[in-house]
K.L.:
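This is the structure I want to talk about, given as structure tokens.
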Amino acid sequence: MVKFSFFPFDVDLDIEDKPYVLLFGRTREGNKICVKHEFYPYIWVVLNGEEGEVRNTLENIDEVDINNIEKHTKILAGKEIDVLKVTLQTPNQMPTLRNILEKKGIILLEGDILYTRRYLIDNDISMFREYIVEGEETTPFPHCRCVIVDSIKKGDEIYSDFSNILAFDIESYPDMKSQDTPILMISFASENYKKVITWRDVEPREDYIEIVDGELGLLERFKEIIHERNPDIITGYFTDGYDFPQLQKRAQKYKIKLDIGVDNSRLSFGRGRRDEVNIKGTLHLDVFNLTKNMLRQSLKTDSLKLDDVAKELLGEKKHEVNIMELGSAWDDRDRKKLHKYCEYNLQDSLLTLNLCLKLLPSVIEMVDIVGLSPFDVSRLSLSQMVEWFLIKNAPKHNNLVPNKPTHDEVKERYDKILAGAFVFEPHPGLYHHIVLFDFKSIYPTIIASHNLSGASLRCKCCRDKHEVPLEGDLWFCQKKKAFLPEMIEDLIERRTRVKEIMKEKKTPLLDARQQGLKLLANSFYGYLAFNPSRWYSFEAANSTTAFGRYYIRLVINKMTEEGFKVIYSDTDSIFTTVEDEKEMGRVKKIVDEINSNLPGIMELEFEGHYPSGIFISTKEGKGGAKKRYAMIDDEDHIVIKGFESVRRNTSKIAREVQKKVISIILKENNPDKAFDYVKKIITDIHKNKLEVDDFIIKTRITKELGSYESIGPHVEIARRMEKSGIKVEAGSLIEYVICLGKGKVRDRAKIPHDADVSEIDSEYYINNQILPSLGKIFEVLGYNVDDLVNEQKQSKLEGFF
DNA sequence: TGCCCGCGGGG
DNA sequence: GTGTACGCGGGCA
């Protein structure tokens, strides 16, 4: 018998004579360990008819080994029901059991909750917390000990030694035409460790640089380093989608295995379209996922490129090198240039490591709140986090988890149109001295205080108590809190308690906790209205926005009464202008007054002051208006929201013009100049003053050329390339320009190399690439967009004469 | 109009 | 491994 304390960071399963859940973690002494815990999966069977009959049916199923059948009374959708808990001998018989029972028309519940997730919830295991284990040592894995659990108890500590995190980043031979080019270098960064391995000589050859023998040597050394360091956490940026898949491809080429699991198992890739890479016994966190899922709405930047995210969160940048030129430096064996790329490569790992360290407290807290492994939590969307938070808490409230809606049910839900938030936009335009307020957590507080949920809808006890500011026969129970609103209330209360503690002592972990609690609470409305939700309720979601519109109107009216000009308002935010900065004090006072009159925990928060900003009309779309504005803050940063994010399949010229226009308007405060700039660009385009390069559009081929049902310009070009003997694989990035001529866009697409500037279809680029993002901006500023177009006709003539 | 398809993040 | 992304916009059919 051994006794020790450890911090689990990942979970897996292993079916031997018995089914085991594996908890991978680090002991207090600093060794990696695998803790094996026996666990049996189960499912709930709804008792519609005679109990004995159902038991009889179950007992006569030969295909699976049922361990136990137990009767329970539970709550589903606010009502008590009788169910049988059916426990199986092994998780891999579950699909069989489900199939058999579904065919017999028996209703099952919680049959799709994964085995390891079920274990974590039922045993109340929070990864990254301390557990004290007593058990028996058993056959170890090649790279860590194994202990079979006798007893497991929660300790007081939290995982806090971050020296075992290893970040890495690869650089491949850059080539647009192929996704399958050699990996040239790999960098690693950990506390007190940095390394770059590559297979060409560099100068100066610093200590951290190691030259290996060819790409195969690089891959072998990569594996070696992983096993040597045996990290708790491997991290990188977009490693799910790029680095690991790329490593895998290259390894296949050399017919070697990427066997970096603690049991020397290979990487496992998520099936289907979803990219996720799992390493047995090591937690793989992709910082890109973390940013996308947990941080996106709190970031100023719309772009999630490593460079942009690092700038905002760390105040650090990537090294400025042109990555496309790595290819020629490599071919030329330019040792000094290659050294620059080594430094660049290392910097990416360092940035990623620092981002990971910065975000880890949020992961640690989210894992505790939601009850899943960090691997899952980091890859889950917010609505899934809400769902798992509810699933984790359902048993504590004797609630059963509702089944996912069927495909048809989801489809039906799409037909119901939710009334959106209140949007106030009297005058789009350019404004100065903008003050922004946010209604903090307006939806969660509404859902909690008005008890909005499917289970509390139209109860028998509160008929005729119509609180909802909506037409129709709609009410929610006012006597008994339903499960979902109770959970939101719980989150809000927990956050208040954390903030109380933080007044005494502020730590990164506590701050991450209150942020996580807020994030989750704020995602409940989206969850209620999300069609595939288990706890979906059209009525509850619709009532939430109804109350929201009611409260935000209250504030707008108050501001207007006080003589301020509300220029824009959407959902939970209010933009007003002030004469000058001296008026700020008065604004804040009024906000305080509003706050003192708001019910309960509702709160209006001061978000910031912006010297100038431009607001665009948003009336087009049917599903409700969206935020579209660009503002400049006191530190001269441009904040852009809701403009089409600039994508790869936009030409360089369209990208440049949009950026430049926003900058001239906000930084130089000179719309005239911006307008003239665009006019000049349009003239230049007509006069063929630009280069073909400026017009290139890039689109990726993602499958076999023959399997396209719809032939877009990129497919057309790719087919032409094939005909002329150039092989085009899935993954190729096709470059093309749209030229003058007859027919569809695709008929007029040309390979940039074969096109002359004079052939470029100016109209296409102006109307489809440049104007869509700019037209609205100028419209709003009172410029006549037709002038841009008229000007072009003139200059076209000038071009002729 | 509906549907197919690529984008994002990486090099 | 009890499963398998997501919401949007452009262009074709």
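Per chain, numbering begins at 1; letters A, B, ... match sequence-line order. Computed over heavy atoms, backbone and side chain alike; hydrogens, waters and symmetry mates excluded. Every value quoted in this text rests on a predicted model; they were computed, and no experiment measured them.
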K.L.:
Using the P atoms only, state how far C:dG9 lies from B:dG9, rounded to an integer number of Å.
P.N.:
16 Å

K.L.:
So if I take every side-chain heavy atom of A:V745 and compare against C:dC12, B:dG9, C:dC6, which nucleotide ends up nearest?
P.N.:
C:dC12

K.L.:
Out of C:dC12, C:dA5, C:dG7, which has the shortest distance to the side chain of A:K292?
P.N.:
C:dA5

K.L.:
Just by distance, with hydrogens left out, do A:D122 and A:Y42 show a side-chain donor and acceptor under 3.5 Å apart?
P.N.:
yes

K.L.:
When the C1' atoms of C:dA5 and B:dC5 are compared, how many Å lie between them, rounded to an integer?
P.N.:
16 Å

K.L.:
Whether the A:E171 and A:Y341 side chains hold a donor-acceptor pair (N or O, under 3.5 Å, no angle test) is what I'd like checked.
P.N.:
no

K.L.:
For the side chain of A:R746, starting at C-beta, report the closest nucleotide among C:dG11, C:dG3, C:dA13.
P.N.:
C:dA13

K.L.:
Within this structure, what is the OG1-CZ distance for the pair A:T352 and A:F238, rounded to the nearest 0.5 Å?
P.N.:
13.5 Å

K.L.:
So if I take every side-chain heavy atom of A:I15 and compare against C:dG1, C:dC12, C:dG7, which nucleotide ends up nearest?
P.N.:
C:dG1

K.L.:
Give every residue pair that meets the salt bridge (Lys or Arg N to Asp or Glu O under 4.0 Å) criterion with at least one member in residues 705-721 of chain A, sequence neighbours excluded.
P.N.:
A:E716-A:R720

K.L.:
Verify the distance criterion only: is there a donor paired with an acceptor across the side chains of A:Y242 and A:S172 at less than 3.5 Å?
P.N.:
yes

K.L.:
Within 45° of the six-membered ring axis of A:F375 and under 6.0 Å from that ring's centre, is NZ or CZ of A:R379 located there?
P.N.:
yes

K.L.:
To the nearest Å, give me how far apart CD1 (A:I711) and P (C:dA13) are.
P.N.:
6 Å

K.L.:
A:Q384 CD to C:dG7 P: how many Å, rounded?
P.N.:
10 Å

K.L.:
Do any N or O atoms of the protein come closer than 3.5 Å to N or O atoms of nucleotides 3-7 of chain B, and which pairs are they?
P.N.:
unit_1 : atom_1 : unit_2 : atom_2 : d
B:dC5  : OP1    : A:K703 : NZ     : 3.4
B:dC5  : OP1    : A:E709 : N      : 2.7
B:dC5  : OP1    : A:S710 : N      : 3.3
B:dC5  : OP2    : A:K703 : NZ     : 3.0
B:dG6  : OP1    : A:T702 : OG1    : 3.4
B:dG6  : OP1    : A:Y708 : OH     : 2.3
B:dG6  : OP1    : A:H714 : NE2    : 3.3
B:dG6  : OP2    : A:T702 : OG1    : 2.6
B:dG6  : N2     : A:R647 : NH2    : 3.1
B:dC7  : OP1    : A:R648 : NH2    : 3.0
B:dC7  : OP1    : A:R700 : N      : 3.0
B:dC7  : OP2    : A:R648 : NH2    : 3.2
B:dC7  : O4'    : A:R647 : NH2    : 3.3

K.L.:
Could you measure between the two P atoms, the one in B:dG11 and the one in C:dG7, and give it in whole Å?
P.N.:
27 Å

K.L.:
Between B:dG11, C:dG11, B:dG10, which nucleotide has the shortest distance from any of its atoms to the side chain of A:N768?
P.N.:
C:dG11

K.L.:
Go through C:dC6, B:dG9, C:dC12 for me and flag the one nearest to the A:L304 side chain.
P.N.:
B:dG9

K.L.:
Could you tell me whether the phosphate oxygens of C:dG3, OP1 or OP2, come under 4.0 Å of any side-chain nitrogen or oxygen in A:R118?
P.N.:
no

K.L.:
Provide, to the nearest angstrom, the distance between the CG atom belonging to A:D747 and the P atom belonging to C:dC12.
P.N.:
8 Å

K.L.:
Can you tell me which nucleotide in B:dG11, B:dG10, C:dG3 comes closest to the side chain of A:F238?
P.N.:
B:dG10

K.L.:
Rounded to the nearest Å, what distance is computed from the CG atom of residue A:L382 to the P atom of nucleotide C:dA5?
P.N.:
17 Å

K.L.:
Nearest to the A:R296 side chain among C:dG11, B:dG9, C:dG3, which nucleotide is it?
P.N.:
B:dG9

K.L.:
Look at the side chain of A:K305 and decide which nucleotide, out of C:dC12, B:dG11, B:dG9, has an atom nearest to it.
P.N.:
B:dG9

K.L.:
Take the protein atom NZ of A:K340 and the nucleotide atom C1' of B:dG11, then report the distance between them rounded to whole Å.
P.N.:
20 Å

K.L.:
For A:Y20 and C:dG1, is the shortest distance between a side-chain N/O and OP1 or OP2 below 4.0 Å?
P.N.:
no

K.L.:
By the rule that syn is within 90° of 0, classify the base conformation of B:dG9 as syn or anti.
P.N.:
syn

K.L.:
Just checking, is any N or O donor in the side chain of A:Y736 or A:K750 under 3.5 Å from an acceptor N or O on the other one?
P.N.:
no

K.L.:
Mind calculating the distance between CG (A:D175) and P (B:dG11) to the nearest angstrom?
P.N.:
15 Å

